[in-house]
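Predicted model only: the values in this text are computed from it and were never measured.
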Amino acid sequence: MNQRPSTERVFQIFKELNQIPRPSHHEERVADYLCQFAERLHLEYRRDAHNCVVIRKPATPGHEGAEPIVLLNHMDMVCVGMKDPLNMPIDAYVEDGWMKARGTSLGADNGIGLSMALAVIEDDSIVHGPLEVMTTTNEEDGMSGASNLSADFIRGRKVINLDSEDYDTITTGAAGATLQFHRIPVQREPSPGGKRRWYHIRFEGGLGGHSGVDINKGRCSAVVPAWALLATIYNEYDFQLASLQIGEANASIASSADIVLTIPSGEGAEFVKQQEEMMNRWLREEYPNDAQMRCSIEKCEPTDSVIDGASFEALMNCLEQIPQGVVKMSEVMQDTVETSNNVGRISTEQDHIFVSTHTRSFIDADMESLSRDIANVFKACGASSEVIMSAPAWQEDQHSAFLQLTSDTFQDVLGWRPRMVAMHFVLEAGFFVQKYPGIQMASIGPRIVEPHSTSERVELKTIDDIWQVLLEMLNLLA
């Protein structure tokens, strides 16, 4: 095999991307970057109203008759740990063979894959047929970019998706998902007077993680202990809730919660403080895999207003009735979650309580049924529900020539064959299959651990390995 270009340029491009804030719904600047990248290389490109960008590069001379290949990625990322995600760059560093970020998510999901695709079209020494580098928006929080693509946006029907996080696999299927936003109406009331205690309750240090691939790993969603603590206090004493903020992103397991409440002074106030020790003991026993999750309860200053009791009761009733975590394991795919639901964020706003739910399943009918059930629970409590995104499940034929070529390339380049698996995360593939008849997709990528969290990291060696597999696949397909 001829000497291939190194990954040096991949890392340079990734560093450039990480200087460009790119949370979901705010990808304008990274879309600008992609268009400028194409203009610098004098390549044809197209940008749609949702800021999705496709860059086309002609085939290497002599390979013009090859079938067009699409390199698919998304440009947004889940911004965890960022106080100002619209302006905050990522401070990445390398340690013990891994790239990490200081205090925030890294953006390797999907910045590394996008960096690979851009490095390919920049390097004329790489042999390939006609190429389309397709980059979508809002993949992490609704997939509105993929769902609104026009039928003529891409020409290729063989897609290499570089958005997989499991290095030793070819992802050949993904769960469908429905993201819903629920809003419980709130009446704000002046804070009560008299002798009262005000408390600031925090849950901090949870692992969090991806609400699809990490949903069955025994991690503590901060929603669960926050609900349990509030229910315990509510069942014993009268209190009023001032504010509640749980979770960081709709697609993440909540790793933190922030609660402010007030209760009359006396025995009840002491009861609240005693919950700290009891809750931390319960967390250690119930979630041994999430050892850093801690509860703290401290006195705080009063707020100007509190939430009416009916709205608080509605929230508690909804959270008690809807499932959180694994709903059903697959009977046909070993050790694979078939259906799940995650409450990503809860926040008290001026006139409502916001709750997001992310329901996933490999069975579209089950996903739709569970999503309806959840919406009906909120409806019965006087809340409104809005479907933000509904993505279909996707499953490739694992015996197709395209997937066999992908597997063979791993064997030839790395000396081993990857597993072919369907994953309990959502990919845009379902939308592409619907929009572009005859499309085939293989999803590969380096090893990314703890995506959608401040512990996100990518193993450097696996970036190099996937890069070499990608270049050989392009050569073979040319």
Side-chain angles (χ1 to χ4, degrees), residues 83-84 181-206 208 220-250 254-280 282-283 293-322 324 343-357 378 381-384:
K83 294 182 179 178
D84 185 9
F181 289 173
H182 315 277
R183 294 176 175 88
I184 302 171
V186 161
Q187 294 293 324
R188 288 276 178 177
E189 301 173 348
S191 293
K195 290 186 176 182
R196 304 189 70 85
R197 294 279 183 90
W198 286 80
Y199 288 105
H200 188 181
I201 302 173
R202 291 189 181 95
F203 289 90
E204 300 175 292
C220 179
S221 167
V223 175
V224 176
W227 179 89
L229 179 58
L230 290 173
T232 299
I233 301 171
Y234 182 74
N235 288 336
E236 294 292 334
Y237 296 97
D238 176 40
F239 77 89
Q240 289 175 287
L241 180 70
S243 65
L244 176 65
Q245 303 289 329
I246 304 179
E248 301 76 33
N250 298 320
S255 65
S256 64
D258 201 285
I259 305 164
V260 176
L261 57 80
T262 181
I263 193 167
S265 298
E267 183 180 344
E270 295 305 314
F271 176 81
V272 172
K273 183 60 181 173
Q274 292 168 5
Q275 299 309 303
E276 180 180 307
E277 181 180 350
M278 296 173 62
M279 180 56 66
N280 282 321
W282 179 79
L283 286 170
M293 175 70 90
R294 287 288 182 272
C295 172
S296 63
I297 303 177
E298 303 292 341
K299 294 178 183 178
C300 67
E301 295 297 315
T303 65
D304 294 332
S305 65
V306 294
I307 293 168
D308 66 290
S311 300
F312 171 72
E313 288 186 17
L315 172 66
M316 296 295 285
N317 287 335
C318 289
L319 294 180
E320 183 177 21
Q321 294 181 63
I322 65 175
Q324 295 192 64
V343 177
R345 291 192 300 127
I346 304 175
S347 63
T348 49
E349 308 298 336
Q350 184 59 37
D351 62 354
H352 67 274
I353 302 173
F354 171 88
V355 182
S356 71
T357 57
F378 280 92
C381 291
S384 63

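When side chains are defined from C-beta on, Leu244 counts as touching Leu315, because their heavy atoms get closer than 4.5 Å. In this structure, Pro264 and Lys195 have side chains that are not in contact, with every pair of non-hydrogen atoms separated by 4.5 Å or more. Residues Asp351 and Val186 are not in side-chain contact: their nearest non-hydrogen atoms beyond the backbone lie 4.5 Å or more apart. A heavy-atom distance below 4.5 Å is found between the side chains of Tyr199 and Lys299. Contact check for Ile307 versus Gln240: no side-chain heavy atoms found under the 4.5 Å cut-off. Two residues are said to be in side-chain contact when any heavy atoms from C-beta on lie closer than 4.5 Å; Arg345 and Ile246 fail this criterion. Contact check for Trp198 versus Glu301: no side-chain heavy atoms found under the 4.5 Å cut-off. Side-chain atoms of Pro225 and Cys220, non-hydrogen and from C-beta on, do get closer than 4.5 Å to each other.
Interatomic distance, NE2 of His352 versus CD of Gln350, reported as 10.5 Å (0.5 Å rounding). To the nearest 0.5 Å, atoms OG (Ser311) and CZ (Arg188) are separated by 9.5 Å. A distance of 12.0 Å separates CG in Leu241 from CD1 in Ile263, rounded to the nearest 0.5 Å. Atom OG1 of Thr348 is separated from atom CD of Gln245 by 5.0 Å, given to the nearest 0.5 angstrom. Interatomic distance, Cys381 SG to Glu320 CD, rounded to the nearest 0.5 Å: 10.0 Å. Rounding to the nearest 0.5 Å gives a distance of 9.5 Å between CH2 of Trp282 and OG1 of Thr232.
Residues Ser305 and Ser191 approach most closely at N-OG, 3.1 Å, considering heavy atoms. Across all non-hydrogen atoms, the minimal contact from Cys318 to Phe378 is SG-CD2, 3.6 Å. The two atoms that bring Ser296 and Glu204 nearest to each other are OG-OE1, 4.4 Å, heavy atoms only. Between Met279 and Cys295 the shortest heavy-atom distance is CG-CB, 3.8 Å. Between Met316 and Trp227, the shortest heavy-atom contact is O-NE1, 3.1 Å.
Ion pairing between Glu270 and Arg197 holds under the 4.0 Å rule for side-chain N and carboxylate O.
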Apply side chain to side chain contact (heavy atoms under 4.5 Å, CB included) to residues Ile297 and Gln275 and explain how you reach the verdict.
CA-CA 8 Å; Ile297 303 177; Gln275 299 309 303; 4.0 Å; yes

Check the pair Leu230 / Leu261 against side chain to side chain contact (heavy atoms under 4.5 Å, CB included), numbers first and verdict last.
CA-CA 10 Å; Leu230 290 173; Leu261 57 80; 3.8 Å; yes

Step by step, would you call Ile259 with His200 a side chain to side chain contact (heavy atoms under 4.5 Å, CB included)?
CA-CA 6 Å; Ile259 305 164; His200 188 181; 6.0 Å; no

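Using modelled atom types and a 3.5 Å distance limit, the side chains of His182 and Thr357 yield a donor-acceptor pair. Side chain to side chain, Ser347 and Glu349 meet the donor-acceptor criterion of an N or O pair below 3.5 Å. Side chain to side chain, Ser255 and Glu248 meet the donor-acceptor criterion of an N or O pair below 3.5 Å. There is a side-chain donor-acceptor pair under 3.5 Å between Arg196 and Thr262.
No more than 12 heavy-atom neighbours from other residues, nucleotides or ligands sit within 6.0 angstrom of CG on Asp304. Annotation: Gln321, atom CD; neighbour count of heavy atoms from other residues, nucleotides and ligands within 6.0 Å is above 12. Surrounding NZ of Lys273 are more than 12 heavy atoms belonging to other residues, nucleotides or ligands, all under 6.0 Å away.
Within the structure, ring pair (Phe, Tyr, Trp, His ring centres under 6.0 Å) contacts touching residues 230-250 (residues at least two apart or in different chains) are Tyr234-Phe312, Tyr237-Phe271, Phe239-Phe312.
At distances below 3.5 Å, not a single donor-acceptor pair connects side-chain atoms of Asn280 with backbone N or O atoms of Arg294. Checked by atom type and distance alone, the side chain of Asp308 pairs as donor or acceptor with a backbone atom of Gln187 at under 3.5 Å.
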